[in-house]
Amino acid sequence: MGLLVAAALVAVPLTASAQPKEQPKEINLDEPETPAEGTEPAEAPAAPAEGEGGDEAGLGDICKIDPSACPTIDLNKEAAKELNPETYAVQQIYALRYHRFEVNPYFGLTMNDQFVGHNGPGLAINWYLTNVLAIGVNGNWYAGLNTPSDFNFQTSRAARIGEPITEYQWNANANFTYVPAYGKFAGFSDFIFHYDFFVLGGVGAISTRPMAVVDPDNRTFDWKPKLAFHVGGGLRIFFNRWFAAMAEVSDYIFFDELENPSVSKNNPQDKSTWLAEGKSFTNNVQAQVGFSVFLPFSWEYRLPK
């Protein structure tokens, strides 16, 4: 009996080792794999139901994590709406000028006359036909403010020669103004200043008379208006939508009359001998500093449909 049990125990491994080994399976990538005979093909995973996966599942997860971030609109309906093709890529102008009045008081200082200063207050009023083009008027008052310079006094005393000079009474012009550029810059850490450049040109009149220097004992001159042309340009810096600081340089161009440097020996009181022959081409270059007020103070944007 013991020998039979031993023989059986020995026969089991020998029988197992005698079985043929399974050959490696060949895989052809060009043909789909067919399931082995007697087996069923594995089913593909079902698509996630609405609210359980996909985009909707993602939104659901967001709602679970943060209810305040959960969208309250139907995204499918919103996505199906037609888009508005009009897009405004340029920022609206901070200080609109279209159909507004500009009231501009200023004070002018002479820049190019070494012998006499023609300083005085002035006022300009402009009406903007468009946002960049305006028509207007401006005027300057000089009477009582003309001042011969110290340089003129020292030169006349040293050389004993009087330089013919003139004084101005008033000036008035009709102008066109054009604004070619405007923008903004930062200042005082986080404050934004808006600015614009403008150029102007016009025509008007100026009233002048010579100042008696050569023969002040006999000569006195009367005021005479003369045709004048006005060209200039400047800068405005806006502090709000209706108030701005202004700096401008203007040239008032005209033909002036000067005192005759020689005195008639026969009759020094003859007025026909007081003026020099011909007329002097004159440029009165003036720096003007002031402020601008735009009326009305506010407006409403109306964008095209």
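Not measured: the values here are computed from a predicted model. Count residues from 1 along the sequence.
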Given side chains that start at C-beta, do those of [X] and [Y] come closer than 4.5 Å, heavy atoms only?
| X | Y | answer |
| --- | --- | --- |
| Arg100 | Trp127 | no |
| Leu200 | Val231 | no |
| His194 | Ile93 | no |
| Arg219 | Val263 | yes |
| Leu258 | Leu275 | no |
| Phe107 | Val289 | no |
| Asn267 | Thr273 | no |
| Glu259 | Phe221 | yes |

When rounded to the nearest 0.5 angstrom, what is the spacing between [atom1] in [X] and [atom2] in [Y]?
| X | Y | atom1 | atom2 | value |
| --- | --- | --- | --- | --- |
| Tyr182 | Asn131 | OH | CG | 5.5 Å |
| Asp113 | Ile165 | CG | CD1 | 8.0 Å |
| Ser292 | Ile237 | OG | CD1 | 11.5 Å |
| Ile206 | Asn284 | CD1 | CG | 6.0 Å |
| Asn112 | Asp251 | CG | CG | 7.0 Å |
| Phe291 | Asn104 | CZ | CG | 8.5 Å |

[X]-[Y] co-clustered via ILVMFWY side chain contacts under 4.5 Å:
| X | Y | value |
| --- | --- | --- |
| Leu96 | Met246 | yes |
| Phe297 | Val103 | yes |
| Leu109 | Phe115 | no |
| Val137 | Phe101 | no |

Is there a donor-acceptor pair under 3.5 Å between the side chain of [X] and the backbone N or O of [Y]?
| X | Y | result |
| --- | --- | --- |
| Trp274 | Pro268 | yes |
| Asn240 | Trp242 | yes |
| Thr130 | Leu133 | yes |
| Arg241 | Ser298 | no |
| Asn126 | Ala134 | no |

Problem - Short side-chain donor-acceptor distance under 3.5 Å, Lys226 and Thr208 - result: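 Indeed, the side chains of Thr208 and Lys226 share at least one donor-acceptor pair under 3.5 Å.
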- prompt: Does the side chain of Asp256 come under 3.5 Å of the side chain of Ser280 through a donor N or O and an acceptor N or O?
  reply: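 Looking only at side-chain atoms, Ser280 and Asp256 do not form any donor-acceptor pair under 3.5 Å.
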Considering all heavy atoms, the nearest [X]-[Y] contact:
| X | Y | value |
| --- | --- | --- |
| Val249 | Val285 | CG1-CG1, 4.0 Å |
| Trp223 | Ser207 | CB-OG, 3.6 Å |
| Tyr178 | Pro180 | O-CD, 3.3 Å |
| Thr110 | Gly117 | OG1-C, 3.7 Å |
| Gly202 | Asn175 | CA-OD1, 3.6 Å |
| Pro210 | Thr166 | CA-CG2, 3.8 Å |

Next on the checklist: Which label fits Phe185 and Phe193: parallel for a plane angle under 30°, tilted from 30 to 60°, or perpendicular past 60°?
Outcome noted: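 Parallel, since the angle between the ring planes stays under 30°.
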(Q) Does the plane of the ring in His118 sit parallel, tilted or perpendicular to the ring in Tyr168? Use 30° and 60° as the thresholds. (A)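 If you compare the ring of His118 with that of Tyr168, the planes turn out parallel.
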(Q) Which residue is it: Thr282, Asn283, Asn140? I am looking for the one with a side-chain hydrogen bond (donor to acceptor under 3.5 Å, both in side chains) to Tyr252. (A)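 Going through Thr282, Asn283, Asn140 one by one, the side-chain hydrogen bond (donor to acceptor under 3.5 Å, both in side chains) with Tyr252 is satisfied by Asn140 alone.
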The criterion is side-chain hydrogen bond (donor to acceptor under 3.5 Å, both in side chains); which residues satisfy it with [X], sequence neighbours excluded?
| X | result |
| --- | --- |
| Ser250 | His230, Glu248 |
| Arg209 | Glu167 |
| Tyr195 | none |

Practice prompt. Show your reasoning for whether salt bridge (charged side-chain N to carboxylate O under 4.0 Å, His left out) applies to Glu102 and Arg97.
Written response: CA-CA 8 Å; Glu102 177 192 12; Arg97 292 173 291 274; over 6 Å; no
Does the ring of Phe198 carry Arg236 above it, NZ/CZ under 6.0 angstrom from centre and within 45° of its axis?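 Judged by the rule, Arg236 and Phe198 form a cation-pi pair.
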Thr147 vs Val116, side chain to side chain contact (heavy atoms under 4.5 Å, CB included): CA-CA, chis, key distance, verdict: CA-CA 5 Å; Thr147 54; Val116 60; 5.7 Å; no
Give the intermediate values and the outcome of side chain to side chain contact (heavy atoms under 4.5 Å, CB included) for residues Val203 and Leu227.
CA-CA 8 Å; Val203 62; Leu227 178 68; 3.8 Å; yes
TODO: In sequence, state the C-alpha distance, the side-chain angles, and the governing distance for Tyr106 and Asn138, and then conclude on side chain to side chain contact (heavy atoms under 4.5 Å, CB included).
DONE: CA-CA 10 Å; Tyr106 59 85; Asn138 84 297; 3.1 Å; yes
**Study point:** Aromatic ring proximity Tyr128/Tyr98, centre distance under 6.0 Å
**Key:**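 No, too far apart.
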task = Assert yes or no for the condition that the ring centre distance of Phe238 to Phe243 is strictly below 6.0 Å.
result =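 Ring centres of Phe243 and Phe238 not closer than 6.0 Å.
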### Query
Stepwise, does the side chain to side chain contact (heavy atoms under 4.5 Å, CB included) test hold for Met111 with Gln286?
CA-CA 6 Å; Met111 297 183 64; Gln286 185 171 293; 5.9 Å; no
